[in-house]
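To start, the structure under review is shown below, and the notes come after it.
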Amino acid sequence: MPSVAVKLYSVFFKFLLKHRLQSRIQAPRDEADPFGVTSRPEESIAAANPSFADGVATKDIHIDPFTSLAVRIFLPESALKPPEGDGWRSARGRGLGSRELAYDPLSGLENRRYSAPGTTLSSGLGSGEEMRRESYGNGSDEGVSGKPDGGAYRGYSPAGRDSRKLPVMLQFHGGGFVSGSCDSVANDVFCRRIAKLCDVIVLAVGYRLAPENRYPAAFEDGLKVLHWLGKQANLAECSKSMGNVRTTGVDLRKSDGHGHIVDAFGASMVEPWLAAHGDPSRCVVLGVSCGANIADYVTRKAVETGKRLEPVKVVAQVLMYPFFIGSVPTHSEIKLANSYFYDKAMCILAWKLFLPEDEFSLDHPAANPLVPGRGPPLKLMPPTLTIVAELDWMRDRAIAYSEELRKVNVDAPVLDYKDAVHEFATLDMLLKTPQAQACAEDIAIWAKKYISLRGHEFSY
């Protein structure tokens, strides 16, 4: 059973969520800001920090001038290491070999067995003295050693040294489509952990929320970020070419002082962290709760788009306790309807706030992944890891979706965590459960099968 602290926080969380949902219904339209977002209760926000606090640097980017769409970039300090050398470590050396993963190929479920429940996470990044510091830049091609502005990393590659390319992970937060943010303290802690363990650049997406922006706004925002990532990759390639031409003495009127393409106002259109360290050909999409619905939509659209999305390629997706539902209740939806944090009644209310009134249905393609005619064919989907919690009423439908993927030979294991509740891994800042730490490590083990340059060395 969950701890007393988890039970107490669940009661408090439900009270706040119910208040927020009701306030969303009652909020008048004239409370909206210029982006069409009504005022919301204050949420604890983590400020962006570009100086590798806790081994990860962060920055916020507003990527759409017409909406509130933004992303927070999480860059692990391992990106500053050279491509060769000690940048690759074994799973056990990173603290990932401390548990047995008992995989049932027939059911696709993983049973978690912990050898050290209280084990703390190991970032595997080494001490500060051991880290290479040559990649801290001052915004020029010269003098790249040292840490200007109190250690802020500007993202320019060191002169004469190739930068290390890391996979890119798109992350979509939870909150029932009506709350949450990419820069909340809880999401910041989770993304930092994932960035370090998976050794990836995380793009946490701040999509628009309901009811001000109903379906398909959040889904469109997710797809827009995926296309923005592809545009950034192409701009970075253009910048490289322009930088090479610049050295021959050609004047580039649409370039800044560093070979970056600029817009009409002189602002750089190239995001330097992604240009220096991102490899979009190894892209993973990860969604949490309602974010898993967005993630699955983005992945399906990426499959449909195919080569037109190049150089971006979605190689895997991770669905963490997805916010699925349907008109015909499953066993868990009946037995656990009043479960911790998100009970079924409040979730139905959230769906009513998210879906347009004339489209509301528990079998809407955004809500039920098992409805017919929901393209593309499942056999075209990339490998999909599903995370479920024992005490979450949404678990059965998520498992059923994974089973459908396995029927068409998609690698789609399910990790089932005993005594865990909905959002157990992403609210770890408050819950402090051993399952949350183990879950992040398990995601890293699985994801590295598809993003590691050295192949399937982390297979089960």
Side-chain angles (χ1 to χ4, degrees), residues 50 57-65 69-83 87 134-142 144 152-171 195 199-205 223-248 250-285 298 302 305 307-315 451 453:
T58 59
K59 71 160 67 169
D60 294 329
I61 302 177
H62 182 202
I63 67 173
D64 186 351
L69 177 60
V71 296
R72 169 162 290 188
I73 303 180
F74 295 80
L75 179 70
E77 197 168 9
S78 60
L80 306 190
K81 290 191 174 183
E134 292 88 345
S135 292
Y136 289 97
N138 60 3
S140 66
D141 293 332
E142 299 177 351
V144 294
Y153 178 58
R154 297 184 183 277
Y156 299 102
S157 302
R161 183 189 295 272
D162 292 332
S163 59
R164 183 174 177 222
K165 297 291 188 178
L166 298 181
V168 177
M169 176 181 287
L170 266 60
Q171 188 263 355
D199 205 19
V200 298
I201 298 174
V202 175
L203 300 183
V205 181
L223 189 59
K224 188 175 295 183
V225 172
L226 190 68
H227 285 285
W228 176 81
L229 178 61
K231 179 180 178 181
Q232 282 296 315
N234 291 322
L235 287 174
E237 286 300 316
C238 291
S239 293
K240 287 182 181 179
S241 300
M242 295 174 71
N244 291 335
V245 173
R246 181 167 55 88
T247 60
T248 65
V250 177
D251 179 26
L252 297 176
R253 297 184 181 275
K254 292 187 178 181
S255 169
D256 64 6
H258 317 296
H260 291 171
I261 298 175
V262 298
D263 61 17
F265 298 97
S268 176
M269 297 172 61
V270 179
E271 166 40 47
W273 290 10
L274 291 176
H277 304 294
D279 179 3
S281 68
R282 293 180 289 155
C283 181
V284 179
V285 181
V298 170
T305 305
K307 293 184 178 180
R308 289 176 292 169
L309 197 59
E310 289 183 349
V312 177
K313 183 178 181 181
V314 177
V315 298
I451 61 177
L453 290 174

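Basis for what follows: all heavy atoms, side chains included, without hydrogens, waters or symmetry-related copies. When a residue number appears, it is its place in the shown sequence, counting from 1.
When all heavy atoms of Ala275 and Ala236 are compared, the closest pair comes out as CB-CB, 3.8 Å. The two residues Leu274 and Leu229 come nearest to each other via the heavy atoms CD1-CD1, 4.2 Å. Residue Met269 comes nearest to Gln232 through the heavy atom pair O-NE2, 2.9 Å, listed as atom of the first residue, atom of the second, then distance. Minimum heavy-atom separation, Lys224 to Leu69: CD-CD2, 3.6 Å. Scanning all heavy atoms of the two residues, the minimum distance from Pro280 to Ala233 falls at CG-CB, 3.6 Å. The minimum heavy-atom distance linking Ser281 with Val315 is given by the pair O-CG1, 3.7 Å.
Using a 4.5 Å heavy-atom cutoff, the side chains of Val284 and Leu170 are not in contact. In this structure the side chain of Ser78 reaches within 4.5 angstrom of the side chain of Leu166, judged on heavy atoms.
Taken to the nearest 0.5 Å, the CG atom of Asp60 stands 4.0 Å off from the CZ atom of Arg72. Considering CE of Met169 and CZ of Phe74, their distance stands at 12.0 Å, rounded to 0.5 Å. Taking CD of Glu271 as the reference point, atom CD1 of Ile201 lies at 9.0 Å (rounded to 0.5 Å).
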Verdict with supporting geometry, Arg164 and Leu80, side-chain contact (heavy atoms from CB on, under 4.5 Å):
CA-CA 7 Å; Arg164 183 174 177 222; Leu80 306 190; over 6 Å; no
Report the C-alpha distance between Trp228 and Leu203 in whole Å, list the side-chain angles of each, state the deciding distance to 0.1 Å, and finish with yes or no for side-chain contact (heavy atoms from CB on, under 4.5 Å).
CA-CA 11 Å; Trp228 176 81; Leu203 300 183; 4.2 Å; yes
Would you check, one step at a time, whether the test side-chain contact (heavy atoms from CB on, under 4.5 Å) holds for Ile73 with Val202?
CA-CA 6 Å; Ile73 303 180; Val202 175; over 6 Å; no
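Salt bridge status for Lys313 with Asp279: absent, with no side-chain N to carboxylate O gap under 4.0 Å.
Checking side-chain atoms of His62 against main-chain N and O of Asp64 turns up a donor-acceptor pair under 3.5 Å. Listed for the Asp199 side chain is no donor-acceptor partner under 3.5 Å among the backbone atoms of Ala195. Side-chain N or O atoms of Trp273 include none that pairs as donor or acceptor with a backbone N or O of Thr58 at under 3.5 Å.
Among residues two or more places apart in sequence or in another chain, the side-chain contact (heavy atoms from CB on, under 4.5 Å) test is passed with Pro167 by Val200, Arg282, Ile451. Taking the side-chain contact (heavy atoms from CB on, under 4.5 Å) definition, one finds that Thr305 meets it with Arg308, Leu309, sequence neighbours left out. Every residue two or more places apart in sequence or in another chain was checked for a side-chain contact (heavy atoms from CB on, under 4.5 Å) with Ala70, and none qualifies.
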